[in-house]
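First comes the structure, then the notes that go with it.
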Amino acid sequence: MQRVKYAAVGCSGMGRRHLHGYAKLRDSGHGNIELAAVCDLDASLANALADEAGSLTGSRPPAFTSVAEMVASVPGLEAADITTDAGSHLSVSRACLGAGLHVLCEKPLGLTVAECREIIEAGRTAGRIVSVAENFRRDPMNRLVKALIDDGAIGAPRLMREESIGGTDLIVTAPWRHFKHTGTVIVDSGVHNADIIRFYLGEIVSVYGESRLHEPLRRPQPQVDAAAAQRDSWWGARSQLPAITKATGEDAIYAQIRFASGAICQWVLDRAGHGLPRDERVIYGAKGSIAAPGDRNGRPVALHLDGGLSITDERILDFAPSYRLNPVAATLFGDARPWRYDFGFNDVDQKLLALQLHELADCIRQGTAPEVTGAEAMADVALAYAPVESGRLGRPVTMDEILNGSASPYQDEIAALRRSA
């Protein structure tokens, strides 16, 4: 099969992460995609990524500052991997789709549900694939949890608890994550949780919740350890951050979610939590419960059944007969049915990004839809905003209302801010 030629569009921190995912795929023996160009409005960033690609792969792609110029200059270009800031996903996706390129776009697909809808429509008009880089669900441990649920290990699901609390008044990665009009942390980070909630338990009927801006002044995180320094290599030195960031967007959501199945999810995402930090993901069913280990850490899933039986070792696979990774994932993680793994964060991150790029190329060649379509990603964005909109309206909201725009006062404010910017 001829490899799909693609362009890396966006050459900053996330673009570098995707580049290393491409290198991981290329080295796996499953390479079905070829980096043929890089593009960024900042020529220095574009050239830096092209140089890094040359060092990683032995082949330096040409660098551009314009999608139109790039498409005109690179024959056979078929796709774009968009890793620009979330606020530009709409304009960049439109440009790429309009130029005839299939698109893999980083999450969130758009800053609002309305922007997601515009991107989906642009893809439909162009007759091109819109895939979204939602990587948590591709983690083998999340695949295992999903199989345990689907295979009936805990009976019918009744309750899910998704909690992430911590952060105090520190900047979460970068200042823009605290600005209402550029994609707050509850959206940029929250879509990950939203996607996992939907991935595990399916169709959502309604959401009741509230949001808060607890910490209006944010300060840079101190450099604490070697692992943090390694993660920072993707984003730049912490010393480059402003002394104080004035936050304008919410940093916490508290929600109760009702599923079509009758199950309930209690979701807390509080990026301003003080004191004891908490990260917990548990699903309770009619016969037992599953404690998920989180994302990109490889820790074992814990299955707890009535009678005091707790399973945290390889025996858990007996309760998930449908669990099996696809051949590419099995190669990258060393097993078709891993019950745990032991890789560093960056290594796992690259493996999951490699899977997304491989899927994009495979969908282009086979004419199939990606796992996380534009519609799927739009539903994730809708769920991230649902508690905020519910709090503004003072009542539960349905997912249909959020998706069709009839219950969107907060997102309407974002749209107005973006128009006036």
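The figures here come from the full heavy-atom set of this structure, side chains too, leaving out hydrogens, waters and symmetry mates.
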Can any side-chain N or O of [X] pair as donor or acceptor with the backbone N or O of [Y] at less than 3.5 Å?
X	Y	result
H178	V172	yes
R26	T57	yes
D139	R296	yes
H20	Q350	no
Y323	P338	yes
S390	G209	yes
Y22	L35	yes
R3	E34	no
K24	A354	no
N404	D400	yes

Between the side chains of [X] and [Y], is a donor N or O closer than 3.5 angstrom to an acceptor N or O?
X	Y	value
R418	T182	no
S310	H304	yes
D362	N32	no

- request: Using the side-chain contact (heavy atoms from CB on, under 4.5 Å) rule, take F259 and C265 through it: C-alpha gap first, then chi angles, then the decisive distance, then the call.
  value: CA-CA 8 Å; F259 295 85; C265 175; 3.6 Å; yes
Thinking salt bridges, do [X] and [Y] make one under a 4.0 Å N-O criterion?
X	Y	result
R143	E371	yes
R124	E121	yes
E134	K107	no
D270	R278	no
E401	R395	yes

Heavy-atom check, side chain of [X] versus side chain of [Y], under 4.5 Å:
X	Y	result
R128	L101	no
L357	Y6	yes
E413	R392	yes

To the nearest 0.5 Å, tell me how far [X] [atom1] sits from [Y] [atom2].
X	Y	atom1	atom2	value
L45	D40	CG	CG	5.0 Å
R315	L303	CZ	CG	10.0 Å
I149	I290	CD1	CD1	5.0 Å
H18	D81	NE2	CG	5.0 Å
I283	E162	CD1	CD	8.5 Å
Y385	T184	OH	OG1	5.5 Å

- prompt: With under 30° as parallel and over 60° as perpendicular, where do the rings of F333 and Y341 fit, or are they tilted in between?
  reply: tilted
- line: Only residue of E314, M141, R340 satisfying side chain to side chain contact (heavy atoms under 4.5 Å, CB included) with P300 is R340
- prompt: Under the side-chain contact (heavy atoms from CB on, under 4.5 Å) criterion, do R271 and I186 qualify, and how do the steps go?
  reply: CA-CA 8 Å; R271 295 301 191 199; I186 62 169; 5.8 Å; no
- prompt: Does CD1 in I244 sit with more than 12 non-hydrogen atoms of other residues, nucleotides or ligands closer than 6.0 Å?
  reply: yes
query: So which pairs with a foot in residues 243-269 pass salt bridge (charged side-chain N to carboxylate O under 4.0 Å, His left out), sequence neighbours left out?
result: R218-D251
message: Does F199 form a side-chain contact (heavy atoms from CB on, under 4.5 Å) with F136? I'd like the steps, not just the answer.
response: CA-CA 10 Å; F199 178 60; F136 280 18; over 6 Å; no
message: Before you tell me yes or no, could you show the steps for I120 and L109 under side-chain contact (heavy atoms from CB on, under 4.5 Å), namely the whole-Å CA-CA distance, both residues' side-chain angles and the distance that decides it to 0.1 Å?
response: CA-CA 9 Å; I120 293 168; L109 177 59; 4.3 Å; yes
Closest heavy-atom pair and its distance - A292, Y200: CB-OH, 3.8 Å
- request: Could you pull out the closest heavy-atom pair between L352 and N135, with the gap in Å?
  value: CD1-O, 3.7 Å
